[in-house]
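I have placed the structure first, in the form of structure tokens, so that the comments after it can refer back to it.
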Amino acid sequence: MATVLKWYKPLLPLRRSLFHRKSFTSKTLYSGTNFRVPTVSAINYRNKDQSLTSCCGKDLKKNPASDNYNGREIKKELWLYNTMSRQKELFKPKIDGKVGMYVCGVTAYDLSHIGHARVYVAFDVLYRYLKYLGYEVNYVRNFTDVDDKIIARANELGEDPINLSRRYCEEFRHDMAYLNCLPPSVEPCVSDHMPQIIDMIKQILNNGCSYTIDGDVYFSVDKFPEYGRLSGRRLEDNRAGERVAVDSRKKNPADFALWKSAKEGEPFWESPWGPGRPGWHIECSAMSAAYLGYSFDIHGGGMDLIFPHHENEIAQSCAACHESSVSYWIHNGFVTIDSEKMSKSLGNFFTIRQVLELYHPLALRLFLMGTHYRSPINYSDLQLESSSDRVFYIFQTLHDCERILTQYDEASLKDSIPPGIATCIKNFYDECLASMLDDLHTPVALAAMSEPLKTINDLLHTRKGKKQELRIESLAALGKAIGNILTILGLLPDSYSEALQQLRDYALKRARLTEDQVVQKIEERNAARKNKDYEKSDAIRKELAAVGIALMDSPEGTTWRPAIPLAFQELQFSAS
């Protein structure tokens with residue numbers, strides 16, 4: 001059975017040790033009776049690039065070298081796993097204070113799936129964290145809008161290939177906005193960069209590393225002795241037809257196309273070798289060079305791109321310019337279903353839109369960050385339910401904290417907090433930032449929130465907490481600290497109350513209930529309790545709990561909140 005996210009929840013015991021760094025192994029909105037996929041503006045987020053401040057109001061972005069918490073300096077040495085060296089390396093950009101990052105984008109011929117979401121959430125976290133560390137980041141993420149798959153899909157639909165691809169590029173941008181991913185600095189399309197692609201092919205030809213056959217141009221892998229260095233594959237390991245198209249005209253079966261001659265009914269561009277279009281790999285080499293130069297810091301993508309795509313990129317970029325160099329090759333793990341990679345070619349995928357029909361975008365984002373980015377992550381409804389429950393708990397706690405703070409004038413608050421609260425915040429920051437510096441270990445950062453969230457709830461709801469000295473100042477400091485980390489992780493909504501309502505709406509849809517129906521059940525249960533019909537009262541509670549609606553009794557009355565359905569809770573315990 002798939003590994004289960006054992007988040008802290010009010011209904012389930014805290015299993016904190018499972019998240020300890022040393023032991024860790026690795027939209028719809030409801031409107032009346034109709035549900036709809038929301039527009040980007042329907043789900044709001046806080047200022048995407050807002051300044052981060054500590055509990056004392058200190059700007060945390062000013063010093064890219066270190067932070068200082070309570071007089072203790074923490075050096076910000078970021079370590080990233082480099083696929084090329086197969087080890088973690090200290091990150092040192094080529095130019096102090098600046099980072100060039102290229103991430104391979106989607107081939108836009110359909111809606112993007114959860115595997116795509118994982119890639120771009122992972123690199124959004126890296127992008128955000130580099131910006132937080134004080135770097136000026138030039139983030140380039142391309143669109144492939146010229147490709148065999150696009151042409152085949154366009155022919156099926158009777159559409160122009162470029163128009164079809166541009167439409168799906170726009171849909172992809174909507175998906176990224178839903179998932180709270182920051183837009184890259186540049187989003188180049190292949191069709192807009194034919195001059196750069198043709199110029200690079202010319203350079204490769206002039207350097208004697210490619211050859212032409214009947215209007216096609218092929219890269220000669222024999223001319224690049226280091227071919228296979230990134231993937232660890234040897235040329236003799238490559239079987240013809242598996243990854244590279246079989247063509248008896250090629251000098252070596254592993255040679256790959258830089259330019260393909262035009263075929264009837266396909267889009268084409270004029271070139272020195274006749275009308276045609278570029279091969280898949282050359283586009284990224286040309287566009288990364290156009291925006292970042294031949295030498296830059298980070299090149300990323302999914303693990304499936306290591307071979308042949310990134311291997312071929314290295315070969316052709318170095319063939320075009322001997323000074324070509326990428327410092328860090330970073331790759332994320334697959335999303336799997338039943339331990340098999342999720343992909344369009346296998347037909348075992350869920351689109352982002354399909355998942356957002358039932359789950360909040362930030363629940364999906366948290367799910368994707370709940371496993372280290374280099375490890376495989378198994379998709380399941382249980383995982384999404386757990387992530388949704390965790391997001392609700394975080395936002396509810398911070399909303400309750402925020403609601404109390406609005407009753408006080410900030411100017412009236414004292415400029416100090418109790419030593420215990422200061423220690424809690426320091427430990428929280430230390431654990432979060434240390435885990436992120438250690439190859440973006442987001443699961444540890446997420447787990448580290450448990451203690452300050454518990455402390456907030458104690459201050460809000462327990463008799464002892466309500467009597468604590470400097471209680472309001474403590475709540476303000478804790479809430480701001482958690483908000484800072486949520487911002488770094490891209491999990492901070494514009495409004496806690498709006499996000500909570502959206503999470504309730506999603507829960508109602510999954511339960512196939514309306515708010516009025518839940519209220520009616522609560523009223524029936526209240527009547528049963530009044531009549532001392534406790535069997536019926538318990539049955540109603542269990543009936544709602546079975547579909548993910550938890551009832552909460554208080555002196556003010558009975559309310560409800562989303563919860564993990566009972567069947568999933570049983571699965572969770574059986575897996576633990």
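With respect to Leu446, the side-chain contact (heavy atoms from CB on, under 4.5 Å) criterion is satisfied by exactly one of Ile485, Ile394, Leu486, Leu366: Leu366.
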Fill in: Candidate pair Glu313 and Trp280, rule side-chain hydrogen bond (donor to acceptor under 3.5 Å, both in side chains), full reasoning
CA-CA 10 Å; Glu313 274 194 66; Trp280 174 32; over 6 Å; no
Discussion item. Ring pair (Phe, Tyr, Trp, His ring centres under 6.0 Å), that's the test. Do Tyr168 and Phe143 meet it? Break it down for me.
Written reply: CA-CA 10 Å; Tyr168 282 115; Phe143 282 114; over 10 Å; no
Discussion item. Test side-chain hydrogen bond (donor to acceptor under 3.5 Å, both in side chains) on Tyr359 and Glu385; report intermediate values, then the result.
Written reply: CA-CA 8 Å; Tyr359 294 97; Glu385 289 286 351; 3.2 Å; yes
Fill in: Pair Lys454-Glu451, salt bridge (charged side-chain N to carboxylate O under 4.0 Å, His left out): steps then yes or no
CA-CA 5 Å; Lys454 180 182 180 299; Glu451 193 60 35; 5.3 Å; no
Practice prompt. Applying salt bridge (charged side-chain N to carboxylate O under 4.0 Å, His left out), run through Glu159 and Arg153 and close with a yes or a no.
Written response: CA-CA 8 Å; Glu159 242 184 284; Arg153 184 68 187 278; over 6 Å; no
Worksheet entry | Audit row: Asp389, Arg561, salt bridge (charged side-chain N to carboxylate O under 4.0 Å, His left out) steps and yes/no | CA-CA 10 Å; Asp389 193 60; Arg561 58 148 288 172; 2.5 Å; yes
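For Arg277 and Phe268, the positive end is not near the middle of the six-membered ring at less than 6.0 Å and at most 45° from its axis.
At least one donor-acceptor pair under 3.5 Å links the side chain of Asp145 to the backbone N or O of Ser191. Remark: the backbone N or O of Gly105 is not paired with any side-chain donor or acceptor of Arg141 at under 3.5 angstrom. Between the side chain of Arg118 and the backbone N or O of Gly333, at least one donor-acceptor pair lies under 3.5 Å. The main-chain N or O of Leu384 is never found under 3.5 Å from a side-chain atom of Ser387 such that the two would form a donor-acceptor pair. Looking only at distances, a side-chain donor or acceptor of Asn82 sits under 3.5 Å from a matching main-chain atom of Trp329. Under the 3.5 Å distance criterion, the side-chain polar atoms of Glu311 are matched with a main-chain donor or acceptor of Leu230. Although no hydrogens or angles enter the test, the distance criterion places no donor-acceptor pair under 3.5 Å between the side chain of Arg365 and the main chain of Val121. A donor-acceptor distance shorter than 3.5 angstrom exists from the side chain of Gln517 to the backbone of Thr514, with no hydrogens or angles considered. Panel note: side chain Thr144, backbone Thr107; no donor-acceptor pair is recorded below 3.5 Å. Ser165 contributes a side-chain N or O that, together with a main-chain N or O of Ala108, makes up a donor-acceptor pair within less than 3.5 Å.
Ring geometry, Tyr328 versus Phe91: the interplanar angle falls from 30° to 60°, so the pair is classed tilted. Ring geometry for His281 versus His309: interplanar angle of 30 to 60°, hence tilted. In this structure, His331 and His310 have tilted ring planes: the angle between them lies in the 30° to 60° band.
Atom CG of Asn142 is separated from atom CD of Glu283 by 5.5 Å, given to the nearest 0.5 angstrom. A distance of 8.0 Å separates OG1 of Thr351 from CG of Leu356, quoted to the nearest 0.5 Å. Taken from CD1 in Ile549 to CZ in Arg504, the straight-line distance is 10.5 Å, to the nearest 0.5 Å. Rounding to the nearest 0.5 Å places NE2 of His299 at 12.5 Å from OG of Ser327. Annotation: the span from Tyr127 atom OH to Cys181 atom SG amounts to 11.5 Å, rounded to 0.5 Å. In this structure, the separation between CG on Leu437 and CG on Leu78 is 6.0 Å, given to the nearest 0.5 Å.
Using a 4.5 Å heavy-atom cutoff, the side chains of Ile522 and Leu551 are in contact. The closest side-chain heavy-atom distance from Pro443 to Tyr373 is not below 4.5 Å. Contact check for Leu489 versus Thr442: side-chain heavy atoms found under the 4.5 Å cut-off. Side-chain contact check for Leu364 versus Tyr178: every heavy-atom pair is 4.5 Å or farther apart. The closest side-chain heavy-atom distance from Leu513 to Leu544 is below 4.5 Å.
In this structure, Tyr102 has its ring center no closer than 6.0 Å to that of Tyr291. Here Tyr132 and Tyr129 bring their ring centres to under 6.0 angstrom of each other. Taking the centre of each ring, Tyr379 and Phe350 come in below the 6.0 Å mark.
Side-chain contact check for Glu89 and Ser85: at least one donor-acceptor pair (N or O, by modelled atom type) lies under 3.5 Å. Side chain to side chain, Thr397 and Asn457 meet the donor-acceptor criterion of an N or O pair below 3.5 Å. For the residue pair Gln501/Asp505, the side-chain donor-acceptor check at 3.5 Å is satisfied. Looking at Thr83 and Arg374, their side chains never bring a donor and an acceptor atom within 3.5 Å of each other. Gln396 and Tyr496 form no side-chain donor-acceptor contact under 3.5 Å, judged by distance and modelled atom types alone.
Counting non-hydrogen atoms of neighbouring residues, nucleotides and ligands closer than 6.0 angstrom, the CZ atom of Arg86 exceeds 12 such neighbours. Taking a 6.0 Å sphere around NZ of Lys263, one finds it holds more than 12 heavy atoms contributed by other residues, nucleotides or ligands.
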